[in-house]
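Positions are given from 1, in the same order as the sequence printed here.
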Amino acid sequence: MAHPAGAQRLWQAARELPGRTPLRIRLIAVVLALVTAALVVISVAGIGFLRGYLLGQADRNLAGATHNVNILVEGYLSNGRTIPGNGGFSVQWLPEHGQVRQVVGEFTFSAIGQATMVPGPSVTRGASWLATQPRDVSDPVTVSSWSGHQRWRVISTPFSFTNQLGQVQRGTIILGLDVTDIYRTIDRLTAIDLIVSCALLAVLAALGIAVIRRSMRPLTDIERTAEAIAAGDLGRRVPERDPRTEVGKLGRSLNVMLAHIEAAFRARTASEEAARRSEEAARRSALTASSSEERMRRFVADASHELRTPLTAIRGFAEYYRQRGGVGGAPVASGAAAGNGTAPAQDGSLTGADLDRIIERVESEAARMGLLVDDMLLLARLDQQRALDLRTVDLLAIAADALHDARLIAPDRTINLTVATSEAPLVTGDEAGLRQVVGNLTNNALTHTPAGTPVDITIRSGVLNGATGPVPAAPPADLGGEPAIILEVADQGAGLSGDQQDHVFERFYRADRARNRAAGGTGLGLAIVAAMVSAHHGQVWVDSSPGQGATFGFALPLAPEARPVSAAPQPGA
């Protein structure tokens, strides 16, 4: 039972073999098979024609010699002598009852008279060709010699002879012609034809492989493109070919199909991305709303705390004034309001000096509250992105004015201004806002450092790089970058920790958690700096280490008229 199953599997594998064979191999095999069949047909036809032609000539020679054979056989039967062969013919006598006898062709003579044995055709009484021949004349056939490698073309003719005694002898005359050279020629031609055919097949196989490989290259490109697209590269396309060819038409159709597939895929991806963005936006919106609400609560709490302090002081002084005989008030016991720092008269009423101190304190707290309100209104306008009064501003002039003001406020300090740029420090911005930025930075350095600590103001060139740290100096022109002017205010105070640097530009943030009014301001100065610089499309940063002082700086784009020619925007850019 195993043999039929094995044979079935072999047959099934043979049937599936063409489907598993690559197309180029099948094409080469088909071409070689057709060429081989053509060569076989041509060779067989050519060799067959030549064989028929040469053997036809031999048969005609045999037919022409049969008229003279009877005389030779009669002489042989009369005297029993064998005639030496000459001319390549062989004559044999086959009696009706007896063995074959050689009549002509047993010996041949060379030019010097030497006799040489010539093996004649091998003929036996029981030869199949002789038994099937007609009784009169047979068709010529080819037989081998009784020794050696010769070949003979022979025919048989029935013959009867009456000798001198009146006895009738019957038999068959066998006439042969040596055709060894003819078959040798045919064999040589067959060998040459076989060698030439094999060489031709080898050449055609090499050329066929090259031609088919070149012809299959467009299909290989299509295969590689399909693999790349399957790997995710939807932008790949089949190389364009002549649209008049089948490959060109196929490539164009595939490119059109791929374009539709890519468009559909991109549309689907865009839809999924939009849905994802919408989901993320909703999630961020919820988080932002929660964060914004938290920041708003903290801002309101901080603003309420900051506003409550001057309002409480103003209210306390007003009440003290009323209690000391002011409008609608009555004198009270001496020292009742000692906590307010005034010295009442002996009768409990206010003196002119007391009233001056009260009004002075009220004015101070009102000014402080007004400054706080102004800062909050400025931040609100910046948050609403209201238009600024933009014009060309000289940052050096603003820094020089800030230097002059700082020296007036702190004459005991060493305050220096350094200009380290070859370009004119011109920017496009709101002059009042930029003056407030530079003033806030210098006031911050004076407020949060001990008396006598030096302060350095530096103006230098740089490039805007979108980072949150210090802006680097201007790189070589081939690296690109937007030219900028940088202003830095450095002090040698206590410095800031990493956590403090992360929050220093937040609103109402103070490094001093105790909110010491004598040492700090409202907590909005640096927040205004960050918001104003951002409104001017600049960058702001702080660089500090505990015990190493702090450097606050900002960078603004250089005004177009101050930029070098190589950095100026080209027309049409």
Checklist entry - Passes side-chain contact (heavy atoms from CB on, under 4.5 Å), Leu441 versus Leu526? Steps please. => result CA-CA 7 Å; Leu441 291 180; Leu526 294 180; 3.9 Å; yes
What distance separates [X] [atom1] from [Y] [atom2], expressed to the nearest 0.5 Å?
| X | Y | atom1 | atom2 | value |
| --- | --- | --- | --- | --- |
| Thr551 | Asp491 | OG1 | CG | 7.0 Å |
| His536 | Leu434 | NE2 | CG | 4.0 Å |
| Thr449 | Arg413 | OG1 | CZ | 3.5 Å |
| Ile528 | Gln436 | CD1 | CD | 5.0 Å |
| Thr453 | Leu446 | OG1 | CG | 9.5 Å |
| Leu204 | Ile28 | CG | CD1 | 12.0 Å |

Next on the checklist: Go through it in stages, so that I can follow the logic: the residues are Phe552 and Val529, the test is side-chain contact (heavy atoms from CB on, under 4.5 Å), and I'd like the CA-CA distance, side-chain angles, deciding distance and then a yes or no.
Outcome noted: CA-CA 10 Å; Phe552 289 85; Val529 170; over 6 Å; no
So, for [X] and [Y], which heavy atoms are closest and what is the spacing to 0.1 Å?
| X | Y | value |
| --- | --- | --- |
| Val542 | Gln501 | O-OE1, 3.5 Å |
| Ala555 | Trp541 | N-CZ3, 3.6 Å |
| Val438 | Ala402 | CG1-CB, 3.5 Å |
| Leu464 | Ala484 | CG-CB, 3.9 Å |
| Ser544 | Gly549 | OG-O, 2.7 Å |
| Pro557 | Glu482 | CB-OE2, 3.5 Å |

Checklist entry - Less than 4.5 Å apart, any side-chain heavy atom of Asp394 and any of Pro425? => result yes
Next on the checklist: Set out, in order, the CA-CA distance, both residues' side-chain angles and the distance that settles side-chain contact (heavy atoms from CB on, under 4.5 Å) for Leu487 and Val489, then state yes or no.
Outcome noted: CA-CA 7 Å; Leu487 188 145; Val489 178; 3.9 Å; yes
Item to check | Member of Leu395, Thr442, Val533, Leu556 meeting the side-chain contact (heavy atoms from CB on, under 4.5 Å) criterion with Val437 | outcome: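 Among Leu395, Thr442, Val533, Leu556, the one that satisfies the side-chain contact (heavy atoms from CB on, under 4.5 Å) with Val437 is Val533.
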Next on the checklist: Just to verify, which of Thr392, Leu426, Thr428 counts as forming a side-chain contact (heavy atoms from CB on, under 4.5 Å) with Pro560?
Outcome noted: Thr428
Checklist entry - Are Glu272 and Arg276 ion-paired here, with the side-chain N under 4.0 Å from a carboxylate O? => result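 No, this pair does not count.
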Checklist outcome for this item: Contacts of Glu431 meeting side chain to side chain donor-acceptor pair (under 3.5 Å) (sequence neighbours excluded), chain-then-number -> Arg435
Checklist entry - Of all residues at least two apart in sequence or in a different chain, which pass the side chain to side chain donor-acceptor pair (under 3.5 Å) check with Arg391? => result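 Listed in chain order: Asp389.
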Next on the checklist: The test is side-chain contact (heavy atoms from CB on, under 4.5 Å); show your working for Ile459 and Leu396 and say whether it passes.
Outcome noted: CA-CA 8 Å; Ile459 298 177; Leu396 178 58; 3.9 Å; yes
